[in-house]
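Comments concern the structure below.
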Amino acid sequence: MEKHAEILAPAGGEAQLRAAVLCGADAVYLGLRGFNARAGAENFDENTLPQTVGWCHARGVRVYVTLNTLVTDRELPQWLHSLDAVAAAGVDGVLVQDLGLAKIIRQRYPTLPLHASTQMTIHSLDGAKAAADLGMTRVVVSRELSRDQIAYLCDRSPVEIECFVHGALCMCYSGQCFFSSVIGGRSGNRGSCAGTCRLPFAADGAKEGYHLSLKDLSLVDKIPELMEAGVVSVKIEGRLRTPEYVAAAVAACRAAREHKPYDKQLLENA
């Protein structure tokens, strides 16, 4: 029997947050101004996070916060301060990449839902089981997985499975690309990816081209199949995108979930 799936929208800033909520997202994911994988987004202030969470909750929308970068020892006190602010704000979950930080979160806040970020590159049942052993309740699986692989995990995983259905794709495994760091000193694992793979790089003897820049992922039409497989949350990529993009993507996902048509041209142009 087909199951209902959460539509999870990106909120890179206040305008994107409102677009997601008002267009019918079930949940949003956002980052503070530090320790999140989209440092270039507007992001949110930890001092006003309780008001942001309260506004979403009043409209029946869940809020997940991304603390999903690698953190140095010197930064740990500041990171703990951010974690305390996130927990106090009453968020519905925290996304994390760093295994050590995941352990700290579980020890410090035993009941705070903990999600394995796609930056962890979990792509196997063993990975999902390891996440469960760390006290995680959900895994955002790698975008490289096939439908059958996702279904296999949904059927056997001890934790919930969330997957991306729309947005940009990295040229390397999520969370494992060092291209931007090596070329320009901006690490994707520190929230500062420069999108180096989007620059012109040619292969196979071609004189020009963008052969490392992948086309966007679009599985909106496959949402019913993913729900049938057991995916609990379908995620839209794009915390660096516009409110118009968020609105179009949420509307498309809602329509697809209900087996209704949507404006594909609008989604492509957003």
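Please read all numbers here as calculations on a predicted model, not as lab measurements. Residues take their numbers from the sequence shown, with the count starting at 1.
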Next on the checklist: Side chains of Asn68 and Tyr29 only: does a donor on one sit below 3.5 Å from an acceptor on the other?
Outcome noted: no

Checklist entry - Should Glu6 and Lys235 count as an ion pair when the cut-off is N to O under 4.0 Å? => result no

Next on the checklist: Whether the side chain of Ser117 engages the backbone of Gln97 through a donor-acceptor N/O pair (distance < 3.5 Å, no angle test) should be reported.
Outcome noted: no

Checklist entry - Taking the side chain as C-beta and beyond, is there a heavy-atom pair between Thr48 and Gln51 under 4.5 Å? => result yes

Checklist entry - If you count the non-hydrogen atoms of other residues, nucleotides and ligands that lie under 6.0 Å from CZ in Arg147, is the total more than 12? => result no

Checklist entry - Does the side chain of Thr72 come under 3.5 Å of the side chain of Glu75 through a donor N or O and an acceptor N or O? => result yes

Next on the checklist: Is it the case that atom NE2 in His81 sees more than 12 heavy atoms from other parts of the structure closer than 6.0 Å?
Outcome noted: no

Next on the checklist: Whether Glu14 and Arg18 form a salt bridge (side-chain N of Lys/Arg under 4.0 Å from carboxylate O of Asp/Glu) is what I want to check.
Outcome noted: yes

Checklist entry - Nearest 0.5 Å, what's the CG-CZ distance between Leu112 and Arg108? => result 12.0 Å

Next on the checklist: Taking atom CD as the centre, does Glu258 end up with more than 12 heavy-atom neighbours from other residues, nucleotides or ligands that are less than 6.0 angstrom away?
Outcome noted: yes

Checklist entry - Does a sphere of radius 6.0 Å around CG in Asp133 hold more than 12 heavy atoms from other residues, nucleotides or ligands, not counting ones at 6.0 Å or beyond? => result yes

Checklist entry - Do the non-hydrogen side-chain atoms of Leu217 and Val165 ever get within less than 4.5 Å of each other? => result no

Checklist entry - Taking side chain as C-beta onward, heavy atoms only, is Val159 less than 4.5 Å from Arg138? => result no

Item to check | salt bridge (charged side-chain N to carboxylate O under 4.0 Å, His left out) partner of Asp26, chosen from Arg62, Arg254, Arg257 | outcome: Arg257

